[in-house]
Protein chains: 2
Amino acid sequence: MSTRSQVLELAILGRLRESPVHGYELRKHLNVTLGAFRTLSYGSLYPALRSLTERGLISAAEPRSSALGGRRARIVYHLTDDGREYLDSALASAEPTSWEDDAFDVRFTLFGSTDARTRLRILEGRRARMVERREKLRQSFRRTSRRMDAYTAELARHGLEQVEREVEWLEQVIDTERGTRGALDYGSLPTREPRDPTTSGDANGYSAPDVTQTKEQL
Amino acid sequence: MSTRSQVLELAILGRLRESPVHGYELRKHLNVTLGAFRTLSYGSLYPALRSLTERGLISAAEPRSSALGGRRARIVYHLTDDGREYLDSALASAEPTSWEDDAFDVRFTLFGSTDARTRLRILEGRRARMVERREKLRQSFRRTSRRMDAYTAELARHGLEQVEREVEWLEQVIDTERGTRGALDYGSLPTREPRDPTTSGDANGYSAPDVTQTKEQL
DNA sequence: GCCTACATGTAAATAGTTACATGATTGA
DNA sequence: TCAATCATGTAACTATTTACATGTAGGC
């Protein structure tokens, strides 16, 4: 059982691996990267930070107020050695909880700090899960579609389609992982409708960024 | 705020409009049609049924046990007049809560009992919501994509694509709605007898699918 | 002068799940 | 006979959100 708060903890530790941050900014970051729309409330974030601090995985640094002017003192959190150790072992695991709905996104986001074999195992686990879901949907759709009214059927069809696309996406990512064996280039992933390259130019064509160096440490 | 339980209530009443059912089967039905994967637990369902009963919107009929053999007595719930009235007014509304994530699916499922104008307003509200989300994602993607590592960016790109497809789907449904003005034809899908387009406003013209009958065969 | 964004936290309320209690029937 | 499915329910627990409390700084 990957409780939501465990996933949140992982996300926090993962972000803290990059650099220390304070709560307010952490929240903004998490709202952008994960969830996309799931809004992380302070009522979840701050208790999580406290819990992690109590367990010695992170540590709070009250900064010398000055320098930035008179803003309310920000409490900057950073990973402790224990925290880094804990995070590394968490990132090396590839159990079913890693490809559960919520957890998967977080794990994927942290693939930059995950070794290639673990990445592949998680991706394959996720794919198996999605295929399973797809089959279940297909079956229940075939069995019941003529007893459904048109709207219910259309919604089911659309839901099925979304899952099918999820599987296709995973397949492409897995292929890329297998092909490149570490050097990541997602610019080569086919986009559904080739977008106008003049807009935001490099949006699709980044060559492997700093990920490689982080990964090399493993 | 469409609380989850309010959405659940709507789904229950909507299903009961078709025909009376008992709790166990209601759960199965809701697990198939909505959610697709969100598992509705008894701990949610039965309290909801009790609450609806207490408010007089549904009523529980303890069936004469006989006839079916010795199974544990099933409690069959059916809509009361008050319940039908309440449901009808709920189905006639098209407020923002109708196109919130969870609520939308339920409302869409019940489009068969919703008049054409309300359907369109809900669909357009939903589309606006999705477009808004898409724009937010695009912006935050463009702003931050070069500061992200490849995996985070790829996940964001994929998320954006899913939302784009959602918008496209809505657009198609809206077109179909506009074109047919009541008679629904979602293409190759097995549909019941096409509705008479002249009776606008009340579109629930299908004969009730019989769920209880199959049980009797056992 | 007011609103928004920055910034941290807590208490109370609410929502939701899991585990349990109970028990019959069917099929392997 | 053992597991699975049918069938209803509750109590305890866990999780999550909302509202509140507090205060600064900068732009309009």
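Bear in mind the structure is a predicted one, so any value in this text is a computation, not a measurement. Quick note on labels: first sequence line is chain A, next is B, and so on, each numbered from 1.
Under the side chain to side chain donor-acceptor pair (under 3.5 Å) criterion, B:S59 pairs with B:H78, not counting sequence neighbours. Scored by the side-chain contact (heavy atoms from CB on, under 4.5 Å) test, A:T53 finds A:I58, A:Y77 as partners (sequence neighbours excluded). The ring pair (Phe, Tyr, Trp, His ring centres under 6.0 Å) search around B:F104 returns B:F108, not counting sequence neighbours. Residues that satisfy the ring pair (Phe, Tyr, Trp, His ring centres under 6.0 Å) test with B:H158, not counting sequence neighbours, are A:W169. Partners of B:A48 by side-chain contact (heavy atoms from CB on, under 4.5 Å), not counting sequence neighbours, listed by chain and number: B:L8, B:I12. Taking B:R127 as the reference, B:E171 meet the salt bridge (charged side-chain N to carboxylate O under 4.0 Å, His left out) condition, with sequence neighbours excluded. Judged as a salt bridge (charged side-chain N to carboxylate O under 4.0 Å, His left out), and not counting sequence neighbours, the contacts of A:E124 are A:R178. In this structure B:H29 satisfies the ring pair (Phe, Tyr, Trp, His ring centres under 6.0 Å) test with no other residue, sequence neighbours excluded. Partners of B:R55 by salt bridge (charged side-chain N to carboxylate O under 4.0 Å, His left out), not counting sequence neighbours, listed by chain and number: B:E9.
Atom-to-atom, OH of A:Y42 to P of D:dT18 comes out at 14 Å; the value is rounded to the nearest Å. Put simply, CD1 on A:I75 is 18 Å from P on C:dC6, counting in whole angstrom units. Atom CZ in A:R27 sits roughly 11 Å away from atom P in D:dT17 (whole-Å rounding). B:I12 has its CD1 atom 13 Å from the P atom of D:dT8, to the nearest Å. Summarising the geometry, the separation between CG on B:L8 and P on C:dT17 is reported as 10 Å, rounded to the nearest angstrom. Atom-to-atom, CG of A:L40 to P of D:dT17 comes out at 8 Å; the value is rounded to the nearest Å. The nearest whole Å value for the distance from the CZ atom in B:R74 to the P atom in C:dT25 is 13 Å.
At the phosphate of D:dT8, neither OP1 nor OP2 sits under 4.0 Å from any side-chain N or O atom of B:Y24.
A side chain to side chain contact (heavy atoms under 4.5 Å, CB included) with A:R134 is found for one member of A:M130, A:E132, A:R138 and no other, namely A:R138.
With rounding to the nearest 0.5 angstrom, the OG atom of B:S98 is 14.5 Å from the CZ atom of B:R119.
Against DNA chain C, the stretch residues 46-59 of chain B makes no heavy-atom approach under 4.0 Å.
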Quick one: which protein N/O atoms are closer than 3.5 Å to N/O atoms of nucleotides 13-16 of chain D? Pair and distance per line, please.
{"residue": "D:dT16", "atom": "OP1", "partner": "A:R4", "partner atom": "NE", "Å": "3.1"}

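Between the axis at the start and the axis at the end of the helix from C:dG1-D:dC28 to C:dA28-D:dT1 there is an angle of 40°, using five pairs per end and rounding to 10 degrees.
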